[in-house]
Amino acid sequence: MSELLRESGEMAEEKQESNCGCGEGKVPDREGKCVMPEVTFSAFVMSLNTSVLFHLGEIVDPATGERGVDLELARHGIDTLELIQNKTKGNLSSDEEEMLKNILYDIKLRFVKAVKK
């Protein structure tokens with residue numbers, strides 16, 4: 001597993017395990033203070049990926065407990081990730097490039113499956 005994917009997975013695990021009482025969207029830092037998570041390229045890409053998965057109905061809406069499908073918004077998220085891939089060509093580390101390529105491959109397959117339903 002690439003270092004960036006492992007890093008983003010560890011960030012999610014830390015947040016789940018901590019149950020520190022931080023407000024929504026915040027995580028404890030090393031001193032235990034509730035702060036916004038560090039802004040990294042991998043976190044940004046993972047955020048867009050999560051948005052696409054939500055719009056494909058693969059993630060439950062936490063407010064309603066229901067799954068909704070909005071293919072137009074999913075396609076927009078995929079297009080945004082493709083734009084980022086094209087505009088950052090030659091400026092990413094090999095791990096960042098691989099992560100973005102793998103995410104795009106995965107969500108495009110999921111998009112095609114959702115369209116065929």
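Residue numbers run from 1 in the order of the sequence given.
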Spacing of [X] atom [atom1] and [Y] atom [atom2] [to the nearest 0.5 Å]:
| X | Y | atom1 | atom2 | value |
| --- | --- | --- | --- | --- |
| Lys33 | Cys22 | NZ | SG | 11.0 Å |
| Asn49 | Ser42 | CG | OG | 12.0 Å |
| Ile107 | Leu81 | CD1 | CG | 5.0 Å |

Subject >> Evaluation steps, side chain to side chain contact (heavy atoms under 4.5 Å, CB included), between Asp79 and Arg75 >> reply: CA-CA 6 Å; Asp79 290 345; Arg75 177 79 250 174; 2.9 Å; yes
### Message
Has Asp106 got a side-chain atom pairing as donor or acceptor with Asn102's backbone, closer than 3.5 angstrom?
### Response
no
Can you tell me if Thr80 uses its side chain to pair, donor with acceptor, with the backbone of His76 under 3.5 Å? yes
Evaluate Leu48 against Ile84 for side chain to side chain contact (heavy atoms under 4.5 Å, CB included), listing each step before the verdict. CA-CA 11 Å; Leu48 291 171; Ile84 290 166; 3.5 Å; yes
Under 4.5 Å between side-chain heavy atoms, counting indirect links through other Ile/Leu/Val/Met/Phe/Trp/Tyr residues: same cluster for [X] and [Y] or not?
| X | Y | value |
| --- | --- | --- |
| Val60 | Leu71 | no |
| Leu73 | Leu56 | no |
| Phe111 | Ile59 | yes |

Any side-chain heavy-atom pair of Thr88 and Glu97 under 4.5 Å: no
Would you mind reporting whether Lys116 and Val112 have side-chain heavy atoms less than 4.5 Å apart? yes
Hits for side chain to side chain donor-acceptor pair (under 3.5 Å) against Glu58, two or more places apart or cross-chain, chain-then-number order -> Arg110
Q | Glu98 and Lys101 ion-paired at < 4.0 Å | A | yes
Between Leu92 and Phe41, the two heavy atoms sitting closest are CD2-CZ, 3.7 Å
